[in-house]
Amino acid sequence: MTTSKKRIGIVGARGHTGAELIKLVAAHPSLELAYVSSRELDGQRVDAQVSEYHGDLRYTSPAHDELPALDADVVVLALPNGKASVCVEAFDKAGKDPVIVDLSADYRFDSHWYYGLPELTRNKWRGEKRISNPGCYATAMQLSVAPLKDVLAAPPVCFGVSGYSGAGTTPSDKNNPEKLRDNLMPYSLTGHMHEKEASRHLGIPVEFMPHVAPHFRGLTVTTNLYLSRPHKREDILALFQQAYAGEKLVRVLDEAPWVSQIAGKHHAEIGGFAVSADGKRVVVVATLDNLLKGAATQAVQNINRVIGVDEYASIPV
Ligand SMILES: NC(=O)C1=CN([C@@H]2O[C@H](COP(=O)(O)OP(=O)(O)OC[C@H]3O[C@@H](n4cnc5c(N)ncnc54)[C@H](OP(=O)(O)O)[C@@H]3O)[C@@H](O)[C@H]2O)C=CC1
Ligand SMILES: CC(=O)N[C@@H](CCC(=O)OP(=O)(O)O)C(=O)O
């Protein structure tokens, strides 16, 4: 029997985002795993690591120049920053042109790659097969600022707090539960990559102050926005409701959302909308699961669009 499913390879599948992608692919009506790579898990069964996957596939550890011969229709690069280009170059050199989705920051500033934050860039896709998947905080910042972009009097200031899965699996202070216990760890307080990324894709400067907290997954971005003219709270709420009307993966709430409610969910929540007495300052709170809407779920939205199936296929909405 022939299958019409597209075959997908995940490079860097041991990581947190790779594991979430395997789960989404396992439930997908139009995708099947071609290969999943990990040096550490090489030879081990995938179902032993990810119980949602049912099948006989095992992790392999191909060198980057062996990837093109593995013949996947879609390749997701879930590697640490700085590691994507050798893989991309290997496909170019071999004359292979699969859909490539890069989860790292490596192509987020490359205008030849489509920047896939569907709720904001859906209409900019011109058939590109190379997709740069946005950063987790950068997704929350852009969703929080975009509806007010035209009425700002100053750069938005974003205070971010992430669960430590955002720091990946390579050991560091930022994913060390001991050092995070009873703690909030500030880092990269100016010039974080996601500050540059959100500024570039919004087209206005954004200021960002990230922190890591002891919880595992989910992030909060609280954004302070100065407005060029006074606004009533209901007008601001209406702007957000209008901007995200019909969006299944962005929910506009009245209350400020809690990160404890977003872990394991595929959508982002935006709420709060606390307005100052003079109506010229508003504070907006966004939460999302960094591993899902901040990475794997957004990648699947992008893949679905490129392979021509429903954008939400396999995503519980
Ligand atoms: N975690 C998050 O919340 C988010 C992460 N991202 C981005 O997604 C990418 C993956 O993140 P995440 O899953 O958290 O990362 P992890 O650190 O959890 O996983 C990294 C993966 O890459 C492999 N790997 C590590 N070092 C190398 C190397 N030098 N060469 C080849 N493979 C390597 C690892 O497997 P092995 O060592 O077994 O080969 C592992 O599968 C990163 O670029 C990250 O910035 C984007 C949005 C959110
Ligand atoms: C808590 C933590 O460390 N978070 C990561 C962001 C995770 C992410 O989105 O990563 P990329 O932009 O690298 O793809 C960081 O601040 O670098």
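Whatever order the structure lists them in is the order used to number ligands and atoms, beginning at 1. Predicted model, so just to flag it, every value in this text is computed and none were measured.
Closest to atom 14 (O) of ligand 1, if we only count protein heavy atoms, is G168 CA, 3.4 Å. The single protein non-hydrogen atom nearest to atom 3 (O) of ligand 2 is K174 NZ, 2.6 Å, given as residue, atom name and distance. The protein heavy atom nearest to atom 21 (C) of ligand 1 is A78 O, 3.5 Å. Among all protein heavy atoms, the one lying closest to atom 43 (O) of ligand 1 is L79 O, 2.6 Å. Closest to atom 30 (N) of ligand 1, if we only count protein heavy atoms, is R39 NH1, 3.6 Å. Given atom 47 (C) of ligand 1, the protein heavy atom at minimum distance is G294 O, 3.1 Å. The shortest contact between atom 45 (O) of ligand 1 and any protein heavy atom is with N81 OD1, 3.9 Å. Remark: minimum distance from atom 13 (O) of ligand 2 to any protein heavy atom is reached at N81 ND2, 2.9 Å. Among all non-hydrogen protein atoms, the one lying nearest atom 10 (O) of ligand 2 is H194 NE2, 3.8 Å. Nearest non-hydrogen protein atom to atom 16 (P) of ligand 1 is T169 OG1, 3.4 Å. When only non-hydrogen protein atoms are considered, atom 4 (N) of ligand 2 lies nearest to G166 O, 3.1 Å. Here the protein heavy atom with the shortest distance to atom 13 (O) of ligand 1 is T17 OG1, 2.8 Å.
At least one N or O atom of G15, backbone or side chain, sits closer than 3.5 Å to an N or O atom of ligand 1. Note: an N/O pair closer than 3.5 Å links S38 and ligand 1 by distance alone.
The pair E20-K23 meets the salt-bridge criterion, since a charged nitrogen lies less than 4.0 angstrom from a carboxylate oxygen.
Counting heavy atoms closer than 4.0 Å to ligand 2, residue R108 contributes side-chain atoms (C-beta onward) but none from N, CA, C or O. Here H192 has side-chain heavy atoms under 4.0 Å from ligand 2, and that is the only part of it that gets that close. Under 4.0 angstrom from ligand 2, the non-hydrogen atoms of Y137 all belong to its side chain. Residue-level proximity to ligand 2 for A167 is carried by backbone and side chain together, each with a heavy atom below 4.0 angstrom.
Contact record, N304 with A313: ND2-O, 3.0 Å, taken as the closest heavy-atom pair. Counting all heavy atoms, side chain and backbone alike, A140 lies closest to V221 at CB-CG2, 3.8 Å. Here the closest heavy-atom approach between residue L292 and residue K265 is recorded as CD1-O, 3.3 Å.
Between atom 1 (N) of ligand 1 and the options A84, G12, C136, S165, the minimum heavy-atom separation is to S165. Nearest to atom 6 (C) of ligand 2 by heavy-atom distance, out of A213, S188, C136, is C136.
Judged purely by atom type and a 3.5 angstrom limit, D73 uses its side chain to pair as donor or acceptor with the backbone of R7.
Residue contacts with ligand 2 leave out N133, since none of its heavy atoms falls under 4.0 Å from the ligand.
In the model, E119 has no side-chain atom that pairs as donor or acceptor with a side-chain atom of Q142 under 3.5 Å.
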